[in-house]
Protein chains: 2
Amino acid sequence: MSTETVDAFQALADRGRREILMMVAKEKRSINAIAENFDISRPAVSKHIKILQNAGFINIEEKGRERYCVLNQDGFSEVQQWINLFEEYWTAQFRSLENYLATNVPPPKK
Amino acid sequence: MSTETVDAFQALADRGRREILMMVAKEKRSINAIAENFDISRPAVSKHIKILQNAGFINIEEKGRERYCVLNQDGFSEVQQWINLFEEYWTAQFRSLENYLATNVPPPKK
DNA sequence: TTTATATGTAACTTTTTTGTTACGCATTTT
DNA sequence: AAAATGCGTAACAAAAAAGTTACATATAAA
């Protein structure tokens, strides 16, 4: 795992990482607590978490020898913003459908 | 490229594929027209497009020997829905911040 | 009917990702 | 202080993804 990924979409490409985010959304969890819920080894989970952290999806709260993961909105916003770039396209599509219906389909008689 | 990917997030993991979507959002394009805008070979682009199609991001309109790519909302919706799963988390976060401010920070004197 | 164009696909090679084990280093616990 | 716990990281191995070239096929143009 090239743990230095910073790309939000690449970070989400892995099913396991998405599951980690779901888990952490339910409640703050330590790295080991997360690893217990997966089949893969703890070091592997550790790397996934680093990737998620670098991509801005989670923050780490250090507490003694434990490190708790909490969600970070940054990564989510980045994805959301990208999705929003297409907003214009869909509304244009919708308007052209609307227009088509208005000119080609007779209105329902009440 | 294991062209059979169906996972929306995996489909978006590749920068080039995201760029293809942006291009197609601007205007309907044939496979070759898309390939001309990339450094990679046409067959590589062809595979990317198949992946995007399988993941529900684009539809193909066949027209003679050409194949035009147009956006398909399905893939985008899938991503959007996943992002929305975390809605609850952020509103809870917000409410707890609100609550903190209300109980710990004095109101500004007008 | 030749020739050119648009595209798909198979067979590989190269790069990236993902995962593992082994080990090190703090911080708790006993 | 000694043992146990929580975690990071280096050094691989295995698997998946991405790209290439070579070739096949169908449609359009000459």
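What you see is a predicted model; the values in this text were computed from it and never measured. We name chains A, B, ... by the order of the sequence lines, and we start the count at 1 in each one.
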Please give, in whole Å, the distance from [N] [atom2] to [X] [atom1]?
| X | N | atom1 | atom2 | answer |
| --- | --- | --- | --- | --- |
| Glu36(B) | dT5(C) | CD | C1' | 12 Å |
| Ile34(B) | dA6(C) | CD1 | C1' | 13 Å |
| Ile49(A) | dT9(D) | CD1 | C1' | 15 Å |
| Phe38(B) | dT20(D) | CZ | C1' | 17 Å |
| Ile51(A) | dT9(D) | CD1 | C1' | 14 Å |
| Arg29(B) | dT7(C) | CZ | C1' | 17 Å |
| Arg15(B) | dT15(C) | CZ | C1' | 17 Å |
| Ile58(B) | dT7(C) | CD1 | P | 12 Å |

*asked:* Over all strands shown, is Arg17(A) touching base, sugar-phosphate only, or nothing at heavy-atom distances under 4.0 angstrom?
replied: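 Sugar-phosphate only.
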*Check every strand shown and say whether Gln10(A) touches a base, only sugar-phosphate, or nothing at a heavy-atom separation below 4.0 Å.*
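Here Gln10(A) touches the backbone only, sparing every base.
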*asked:* Please report the interatomic distance CD1(Ile58(B)) to CG(Leu52(B)), rounded to the nearest 0.5 Å.
replied: 5.0 Å
*asked:* I need a per-nucleotide contact map over nucleotides 19-24 of chain C, read 5' to 3'. Cutoff is protein heavy atoms under 4.0 Å; write B for the base, S for backbone only, - otherwise.
replied: BBBB--
*Looking only at heavy atoms, what is the nearest atom pair of Arg18(A) and Leu12(A), with distance?*
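Looking at all heavy atoms of both residues, the closest pair is NH1-O, 2.6 Å.
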*Minimum-distance pair of heavy atoms, taken over all atoms of Phe86(A) and Leu21(B)*: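 Closest heavy-atom pair between Phe86(A) and Leu21(B): CE2-O, 3.6 Å.
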*asked:* So, OP1 or OP2 of dT5(D): does either fall under 4.0 Å of a side-chain N or O from Asn32(A)?
replied: no
If you look only at distance, which donor and acceptor atoms sit under 3.5 Å apart when one is on a side chain in residues 87-102 of chain B and the other is two or more places apart or in another chain?
unit_1, atom_1, unit_2, atom_2, d
Thr91(B), OG1, Glu87(B), O, 3.4
Thr91(B), OG1, Glu88(B), O, 2.9
Ser96(B), OG, Gln93(B), O, 3.2

*Decide yes or no for Asn37(B) and Glu19(B): does some side-chain heavy atom of the first lie under 4.5 Å from some side-chain heavy atom of the second?*
no
*Not counting sequence neighbours, which residues clear side chain to side chain contact (heavy atoms under 4.5 Å, CB included) with Glu66(B)? List them please.*
Ser30(B), Tyr68(B)
Protein-nucleotides 26-30 of chain C N/O pairs closer than 3.5 Å?
unit_1, atom_1, unit_2, atom_2, d
dT27(C), O2, Arg65(A), NH1, 2.9
dT28(C), O4', Arg65(A), NH1, 3.4

Give the table of side-chain donor-acceptor pairs shorter than 3.5 Å for residues 76-84 of chain B, with sequence neighbours excluded, one pair per line with atom names and distance.
unit_1, atom_1, unit_2, atom_2, d
Ser77(B), OG, Gln73(B), O, 3.1
Gln80(B), OE1, Gln80(A), NE2, 3.0
Gln80(B), NE2, Gln80(A), OE1, 3.0
Gln80(B), NE2, Asn84(B), OD1, 3.1
Asn84(B), ND2, Gln80(B), O, 3.4

*In this structure, are over 12 heavy atoms from other groups packed under 6.0 Å from Asp39(A) atom CG?*
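Check fails, neighbour count at 12 or below.
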*Any side-chain hydrogen bond (donor to acceptor under 3.5 Å, both in side chains) pairs touching residues 40-60 of chain A, not counting sequence neighbours?*
Arg17(A)-His48(A), Asn59(A)-Asn72(A)
